[in-house]
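The structure appears right after this line, and notes come after that.
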Amino acid sequence: MRIVAIAGSLRAASFNQQLVRTADAHAPPGAVVEVWQGLGQVPPYSEDTDLDPAPPQVAELRGVLAAADAVLIATPEYNGSVPGQLKNALDWASRPFPDSALRDKPVVDWASRPFPDSALRDKPVAVIGASVSPGGTRSAQAELRKVLARIGADPLERTVPVASAWSAFDAEGQLTDEPALRELRVLLAELHDQTQPTIEPAAS
Ligand code: FNR
């Protein structure tokens with residue numbers, strides 16, 4: 001089972017980059033976490049360039065997400081919300097709107113099923129995040145879960161906020177906060193379970 005992880009920070013010494021690397025070391029048996037590092041190359045979203053074929057980095061993003069069994073996103077918090085480049089990537093991922101005969105037709109039911117062709121449609125997604133403040137990106141995580149639900153992904157209710165990052169990580173950038181590590185393991189196990197087929201009890 002493959003979990004694709006994205007850190008929403010472009011900073012070289014990012015705590016959120018460290019967080020997704022830590023997740024790999026704590027994945028449950030049978031799961032691997034692959035960190036996607038292409039976020040910085042995703043161009044600004046414009047409907048004028050959202051064409052077929054998509055810009056190469058966008059095609060890569062969509063392909064990586066579509067092929068994943070589950071997605072893990074570590075978001076920093078910028079001014080109480082999700083960093084712009086991460087939101088920009090999710091806007092790209094939410095498309096393409098179907099280029100089928102239904103495109104632009106009023107029968108498309110936006111309210112109940114927006115973005116049916118999104119690379120994240122029905123995808124289990126877990127949200128985590130680290131910040132230097134005591135809030136641990138709780139506001140950004142709530143906003144991110146809202147966007148993911150709007151896109152049609154399946155965001156887990158459980159999240160992991162890592163607060164006061166300067167003390168939660170050691171000088172080498174390793175997450176050493178034991179409660180946070182425990183929460184991360186529980187979240188990854190839940191994400192793994194979310195990808196397993198539900199077995200219906202046999203009829204008697
Ligand atoms: C921040 N930071 C921040 N922290 C927070 O807890 N709440 C916030 O609203 C903000 N706002 C904010 C805005 C901007 C523009 C920057 C650059 C930073 C601080 C942030 O938590 C800190 O820089 C983290 O270290 C960012 O995550 P990475 O880059 O370490 O992954």
Side-chain angles (χ1 to χ4, degrees), residues 2-27 31-46 57-58 60-61 64-65 68 70-93 120 123-151 153 155-188 190-191:
R2 286 178 58 244
I3 301 172
V4 164
I6 300 177
S9 172
L10 307 180
R11 200 166 72 86
S14 156
F15 291 118
N16 286 281
Q17 288 285 350
Q18 282 303 129
L19 199 50
V20 288
R21 285 191 207 112
T22 305
D24 186 27
H26 294 269
V32 286
V33 177
E34 292 171 10
V35 181
W36 186 67
Q37 294 288 7
L39 184 66
Q41 284 72 53
V42 177
Y45 183 84
S46 164
Q57 201 64 23
V58 171
E60 184 183 313
L61 168 70
V64 160
L65 293 176
V71 176
L72 177 71
I73 303 178
T75 184
E77 183 166 297
Y78 283 1
N79 300 315
S81 188
V82 178
Q85 185 65 359
L86 179 57
K87 173 63 165 56
N88 178 61
L90 291 173
D91 290 339
W92 278 112
L120 287 167
K123 189 82 64 183
V125 184
V127 171
I128 57 179
S131 81
V132 295
S133 77
T137 78
R138 280 187 178 82
S139 298
Q141 293 187 21
E143 299 234 327
L144 181 51
R145 289 188 67 258
K146 186 185 72 177
V147 171
L148 289 165
R150 184 67 180 83
I151 287 172
L156 263 59
E157 239 170 77
R158 183 185 297 281
T159 64
V160 178
V162 180
S164 310
W166 288 116
S167 53
F169 292 81
D170 69 14
E172 278 75 47
Q174 299 297 315
L175 180 64
T176 51
D177 184 271
E178 269 307 322
L181 282 167
R182 265 198 306 278
E183 285 179 43
L184 186 59
R185 282 193 284 268
V186 171
L187 174 126
L188 290 168
E190 205 171 289
L191 189 59

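Counting starts at 1 for both ligands and their atoms, in listed order.
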Next item on the list: Looking only at distances, please establish whether an N/O atom of ligand 1 is found under 3.5 Å from an N/O atom of Asn79.
Entry: yes
Check: Relative to the heavy atoms of Arg11, which atoms of ligand 1 are at a distance of less than 4.0 Å?
Finding: 25 (O), 28 (P), 29 (O), 30 (O)
Next item on the list: Identify the heavy atoms of Ile128 and Gln141 that sit nearest to each other, and give their distance.
Entry: C-NE2, 3.4 Å
Note to self: Between Val33 and Val20, is there a side-chain heavy-atom distance shorter than 4.5 Å?
What the structure shows: no
Check: So which heavy atom in the protein is nearest atom 1 (C) of ligand 1, and how far is it from that ligand atom?
Finding: Glu77 O, 3.5 Å
Check: Between Trp92 and Gln57, is any side-chain donor less than 3.5 angstrom from a side-chain acceptor?
Finding: no
Note to self: As a test of the contact definition, would atom 9 (O) of ligand 1 count as having a protein heavy-atom neighbour under 4.0 Å?
What the structure shows: yes
Check: How close does the nearest protein non-hydrogen atom get to atom 19 (C) of ligand 1, and which residue and atom is it?
Finding: Val132 CG2, 4.0 Å
Next item on the list: Please could you name the atoms of ligand 1 that Ser9 approaches to less than 4.0 Å, counting only its heavy atoms?
Entry: 28 (P), 29 (O), 31 (O)
Next item on the list: Below 4.0 angstrom from a heavy atom of Ser131, which ligand 1 atoms are there? Numbered from 1 as shown, please.
Entry: 6 (O), 21 (O)
Notebook entry, point to check: Gly80 near ligand 1, heavy-atom distance under 4.0 Å?
Noted result: yes
Notebook entry, point to check: How far is atom 31 (O) of ligand 1 from its nearest protein heavy atom, and which residue and atom name does that atom have?
Noted result: Ser14 OG, 2.6 Å
Next item on the list: Start with the C-alpha distance between Val125 and Leu144, add both sets of side-chain angles, then the distance that settles side chain to side chain contact (heavy atoms under 4.5 Å, CB included), and finish with yes or no.
Entry: CA-CA 10 Å; Val125 184; Leu144 181 51; over 6 Å; no
Margin query: Determine whether Val160 and Leu19 satisfy the following criterion, side chain to side chain contact (heavy atoms under 4.5 Å, CB included), listing intermediate values before the conclusion.
Written below: CA-CA 10 Å; Val160 178; Leu19 199 50; 5.9 Å; no
Checklist line | Interatomic distance, Thr159 atom OG1 to Leu184 atom CG [nearest 0.5 angstrom] | finding: 11.5 Å
Next item on the list: Return the orientation label for the Trp166 and Phe15 ring planes: parallel under 30°, perpendicular over 60°, tilted otherwise.
Entry: perpendicular
Note to self: Does either side chain, that of Glu77 or that of Ser131, offer a donor lying less than 3.5 Å from an acceptor on the other one?
What the structure shows: no
Check: Any N or O on Thr137 sitting closer than 3.5 Å to an N or O of ligand 1?
Finding: no
Notebook entry, point to check: Can Val58 and Tyr45 be said to form a side chain to side chain contact (heavy atoms under 4.5 Å, CB included), step by step?
Noted result: CA-CA 10 Å; Val58 171; Tyr45 183 84; over 6 Å; no
Check: Is any side-chain heavy atom of Asp24 less than 4.5 Å from a side-chain heavy atom of Arg21?
Finding: no
Next item on the list: Any atoms of ligand 1 less than 4.0 Å from a non-hydrogen atom of Asn16? List them with their elements.
Entry: 27 (O), 28 (P), 31 (O)
Note to self: Under 3.5 Å between any N/O of Pro76 and any N/O of ligand 1: does that happen in this structure?
What the structure shows: no
Notebook entry, point to check: Considering only heavy atoms of Ser133, which atoms of ligand 1 have at least one such atom less than 4.0 Å away?
Noted result: 5 (C), 6 (O)
Next item on the list: Looking only at protein heavy atoms, identify the closest one to atom 14 (C) of ligand 1 and say how far it is in Å.
Entry: Tyr78 CD1, 3.7 Å
Margin query: Under 3.5 Å between any N/O of Gln17 and any N/O of ligand 1: does that happen in this structure?
Written below: no
